[in-house]
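Reckoned from all heavy atoms, side chains included, excluding hydrogens, waters and symmetry mates.
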Amino acid sequence: LLKLAPAYLVALLAACSAIMFLPEKWIQILGVHQLKENHGTVIGAAIIVLLAILIFVTLPVWIKGTIGRLAFEKRMQYRLQILTEDEKQILRFYILQHTRTNHLRPCDRIVKGLEADGIIICDGDGYITDALPYKISHFAWKYINRHRSLLGESTIARTDVGHHDFRDLI
């Protein structure tokens, strides 16, 4: 039971509760009267166990996840407020091209900084000198599109497509 997704636990709890607490007329219509009579105690115990699992196991995990997500989004908002011009150029490409993918060199310090902060995510592999596909995170995409002024008025955008020469990095 602990491995079941919360949606299944809630569905199971709803089914057990319906059997136990629906009016007798409905129980007859659903054809579960005999089940309630023979196994009512077990169904009642199942309700208690399911509620306990939902309250003491699933709810804390959900709360912890929600708090973690909110903290991450708060950090991301702050980080997006203090972008350097080089970082803005990379992010501008996504917005101006209306795309979620940009090809960038993974050994570039600007790219590494945005990746470390979770703003962009590498979506491929290859040689360190190649331009790899980087996707913009869902949160960053939504936030920047809502707050276009973060990227300034410039239309200069950066992509590293075509950069395959290691000497460019020195």
Side-chain angles (χ1 to χ4, degrees), residues 1-83 87-88 90-104 106 111-126 130-151 159:
L1 276 174
L2 293 177
K3 297 287 184 187
L4 283 177
Y8 294 115
L9 294 175
V10 170
L12 196 52
L13 179 63
C16 289
S17 298
I19 292 170
M20 290 302 288
F21 302 116
L22 278 176
E24 201 60 41
K25 180 180 175 187
W26 287 64
I27 298 293
Q28 293 289 346
I29 292 170
L30 293 173
V32 291
H33 178 73
Q34 198 63 34
L35 178 69
K36 181 180 176 181
E37 289 295 320
N38 293 340
H39 304 288
T41 307
V42 174
I43 294 169
I47 290 172
I48 293 169
V49 169
L50 289 168
L51 279 172
I53 291 171
L54 283 170
I55 291 171
F56 296 112
V57 176
T58 306
L59 189 61
V61 170
W62 179 79
I63 290 171
K64 183 179 178 185
T66 300
I67 290 171
R69 181 181 51 79
L70 292 174
F72 172 78
E73 289 176 359
K74 186 99 169 140
R75 282 191 312 273
M76 182 84 72
Q77 285 177 2
Y78 173 74
R79 180 65 181 85
L80 290 171
Q81 298 286 331
I82 59 167
L83 293 169
E87 292 168 334
K88 289 178 184 180
I90 290 173
L91 296 176
R92 235 181 250 128
F93 179 86
Y94 295 101
I95 303 304
L96 294 176
Q97 296 296 319
H98 304 289
T99 183
R100 294 281 188 108
T101 305
N102 187 0
H103 287 78
L104 302 163
V111 173
K112 279 296 178 201
L114 290 171
E115 184 179 21
D117 291 332
I119 296 171
I120 61 174
I121 300 111
C122 186
D123 193 37
D125 57 358
D130 289 342
L132 301 179
Y134 279 84
K135 293 198 179 293
I136 188 169
S137 72
H138 181 69
F139 180 81
W141 174 262
K142 285 184 0 186
Y143 192 78
I144 291 170
N145 272 299
R146 270 190 257 128
H147 303 91
R148 295 272 178 122
S149 62
L150 291 174
L151 300 180
T159 186

Compare every heavy atom of Tyr134 with every heavy atom of Tyr94, then report the nearest pair and how far apart it is. OH-O, 2.9 Å

Here the pair of heavy atoms bringing Lys112 nearest to Pro106 is CE-O, 2.9 Å

Under a 4.5 Å cut-off applied to non-hydrogen side-chain atoms, are Leu91 and Leu80 in contact? yes

Run the side chain to side chain contact (heavy atoms under 4.5 Å, CB included) test on Lys64 and Val61 for me, step by step, so that the C-alpha distance in whole Å, both residues' side-chain angles and the decisive distance to 0.1 Å come before the verdict. CA-CA 5 Å; Lys64 183 179 178 185; Val61 170; 5.8 Å; no

Looking at Leu35, is its backbone amide N or carbonyl O close enough to the side chain of His39 to form a donor-acceptor pair, meaning the two atoms are under 3.5 Å apart? no

Under 30°, 30 to 60°, or over 60°: which ring-plane class applies to Phe139 and Tyr143, parallel, tilted or perpendicular? parallel

Closest approach of Phe72 to Asp117 (non-hydrogen atoms, all atoms of both residues): CE1-O, 4.2 Å

Side chain to side chain, Leu30 and Leu22, heavy atoms closer than 4.5 Å: yes

Hey, could you give me the CZ/CD1 distance between Phe21 and Ile47, rounded to the nearest 0.5 Å? 4.5 Å

Gap separating the CD1 atom of Ile95 from the CG atom of Asn145, nearest 0.5 angstrom: 4.0 Å

If I take atom CG from residue Leu51 and atom OG1 from residue Thr58, how far apart are they, to the nearest 0.5 angstrom? 11.0 Å

Taking every heavy atom of Ile43 against every heavy atom of Met20, the minimum-distance pair comes out as CG2-CG, 3.4 Å

How far does OG1 of Thr99 sit from CD1 of Ile136, to the nearest 0.5 angstrom? 10.0 Å

Pairwise distance CG(Asp123) to NZ(Lys135) - rounded to 0.5 angstrom: 4.5 Å

Could you grab the distance from atom CG of Leu150 to atom CD1 of Ile144, nearest 0.5 Å is fine? 6.5 Å

Glu87 and Ile82: which non-hydrogen atoms are nearest, and at how many Å? OE1-O, 4.3 Å

Please find the pair of heavy atoms, one from Leu132 and one from Cys122, that lie closest to each other, and give the distance. CD1-SG, 4.0 Å

Got His147 and Gln77 here, is their nearest side-chain heavy-atom distance under 4.5 Å? no

Checking the side chain of Thr159 only, and the main-chain atoms of His103 only, is there a donor and an acceptor separated by less than 3.5 Å? yes

